[in-house]
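A short worksheet on the structure shown next.
Counting starts at 1 for both ligands and their atoms, in listed order. Note that this is a predicted model, so its numbers are computed, not measured. As a basis for the values below, the full set of heavy atoms in this structure was taken, side chains included, without hydrogen atoms, waters or symmetry mates. Note that the numbering runs from 1 along the sequence shown for the chain.
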Amino acid sequence: MTSPNLNSDDALVALRGAVEDCLTAAVNLGAPVPASLRNAVSHALLGPSKRVRPVIVHLIASNLSRIDPVALQVGAAVEMVHTASLVLDDLPCMDDAATRRQRPATHKVYGEATAILASIALLNRAFGILAALEIEDAATKLRLIETLENAVGWNGLVAGQELDILGNVDGDRASAEHLNWLKTGVLFCAAAEMGGILRGMEADKLGHIREFARELGLAFQMADDLIDRTATAQDAGKDVGKDRNKTNVVNLLGIEASRQACIEHLARADAALVQSGIDPGPIRSLMARLFKLSGTA
Ligand code: GRG
């Protein structure tokens, strides 16, 4: 698939369109799935989203003049894990949110039991997609699977959520940033690293890519917390004000200092990106778009 001006804003829109098509195809299995489960999965996965994680996979994996079907599949797997986590996060026993991706949260439409099952189905399908990737090198495939598993598991998202439920740790910036790392940074890092693995990057370059994604993820979670404090639910497309009583970085530092810290994370992300040797242009365009709503771009 060729995409002539992938280096421009238009090309980012085209890439997001290709990501949407890939996700839509991924849920149309053709297998006899109960309609309620299929609809719940589609509702959660295909709602309006920025698709930042699959776009990152692709921008790091591929030559920017073409859309790469394997990078799209890998991005779809990461997006399914992310969506599975959002469905669980919105449940009454977790963040108890009513709106997600400009729609009622999945459990509000399909009930809690089906929402949990939809989340498990998404998680499972993500690894099925990686296992079925059309790449010859089995070792590469295993590295991709291992990278994603590390990000989801009890060293990653699951641990972050548990700490969040426990009500954050020591009430200082370092522990709040550690929580941000687990809740958001690890999956950003996995997305970027999986892109780097597909590109065949050497270990030292992959290190810069991980550093880029770590800083971007920290900035992104901080921006998400700023949105929770400052945006309307309509602009955010999800519940806001849920974190008012949490010990997160924004509540610790205040809004202006958090914006500044976010800008500093983005500057460090940019420096690491340049060191990785990847053309920084398209990822810079992506970052500029992403951080508009939080007032940090
Ligand atoms: C077993 C997959 C799994 C997870 C269990 C529930 C859980 C552990 C983790 C949830 C962690 C969580 C909700 C982190 C927040 C991440 C975040 C910044 C979400 C918003 O992401 P966007 O803005 O959303 O990219 P869109 O809708 O654009 O994709």
- Item | Aromatic plane relationship, Phe188 with Phe220 - under 30° parallel, 30 to 60° tilted, over 60° perpendicular | tilted

- Compare Gly47, Gly237, Ser49, Ser85 and give the one whose heavy atom is closest to atom 4 (C) of ligand 1. Ser85

- Residue, atom name and distance, where the atom is the protein heavy atom closest to atom 22 (P) of ligand 1: Lys50 NZ, 3.6 Å

- Check against side-chain contact (heavy atoms from CB on, under 4.5 Å), Val87 and His107: CA-CA 8 Å; Val87 172; His107 68 274; over 6 Å; no

- Item | Within reach of ligand 1, part of Arg101 (heavy-atom separation under 4.0 Å) | side chain

- Query: If you count the atoms of ligand 1 from 1 in the order shown, which ones are under 4.0 Å from a heavy atom of Asp89?
  - Reply: 6 (C), 13 (C)

- Message: Minimum heavy-atom separation for Asn155 and Leu182, please, with both atom names.
- Response: O-CD2, 3.1 Å

- Val81: numbered ligand 1 atoms lying under 4.0 Å from its heavy atoms: 2 (C)

- Item | Best match, Asp164, Leu86, Leu182, Leu179: closest heavy atom to atom 19 (C) of ligand 1 | Leu86

- Message: With heavy-atom distances below 4.0 Å as the criterion, list the atoms of ligand 1 near Thr184.
- Response: 16 (C), 18 (C)

- Exercise: identify the closest heavy-atom pair between Ala26 and Met80: CB-CE, 3.6 Å

- Query: What about Arg51: any of its N or O atoms under 3.5 Å from an N or O on ligand 1?
  - Reply: no

- Query: Is a salt bridge present between Arg173 and Glu177, judged by a nitrogen-to-oxygen distance below 4.0 Å?
  - Reply: yes

- Item | Residue part near ligand 1, for Gln161, under 4.0 Å between non-hydrogen atoms | side chain

- Message: If the contact criterion is a heavy-atom separation under 4.0 Å, does Glu162 count as touching ligand 1?
- Response: no

- Number the atoms of ligand 1 from 1 as they appear, then name those within less than 4.0 Å of a heavy atom of Lys183, with their elements. 12 (C), 14 (C)

- Charged N to carboxylate O under 4.0 angstrom, Arg101 versus Glu79? yes

- Query: Looking only at distance, does Gln221 have an N or O less than 3.5 Å from an N or O of ligand 1?
  - Reply: no

- Query: For atom 24 (O) of ligand 1, which of Met94, His82, Gln102 has the closest heavy atom?
  - Reply: His82

- Message: For Glu146 and Asn150, which I'm curious about, is there any donor-acceptor pair between the side chains at under 3.5 Å?
- Response: no

- Message: Show the atoms of ligand 1 that are less than 4.0 angstrom away from any heavy atom in Phe220.
- Response: 18 (C), 21 (O), 22 (P), 23 (O), 25 (O)

- Task: Heavy-atom contacts with Val52 under 4.0 Å: which atoms of ligand 1 show up? List them by number with element.
- Result: 25 (O)

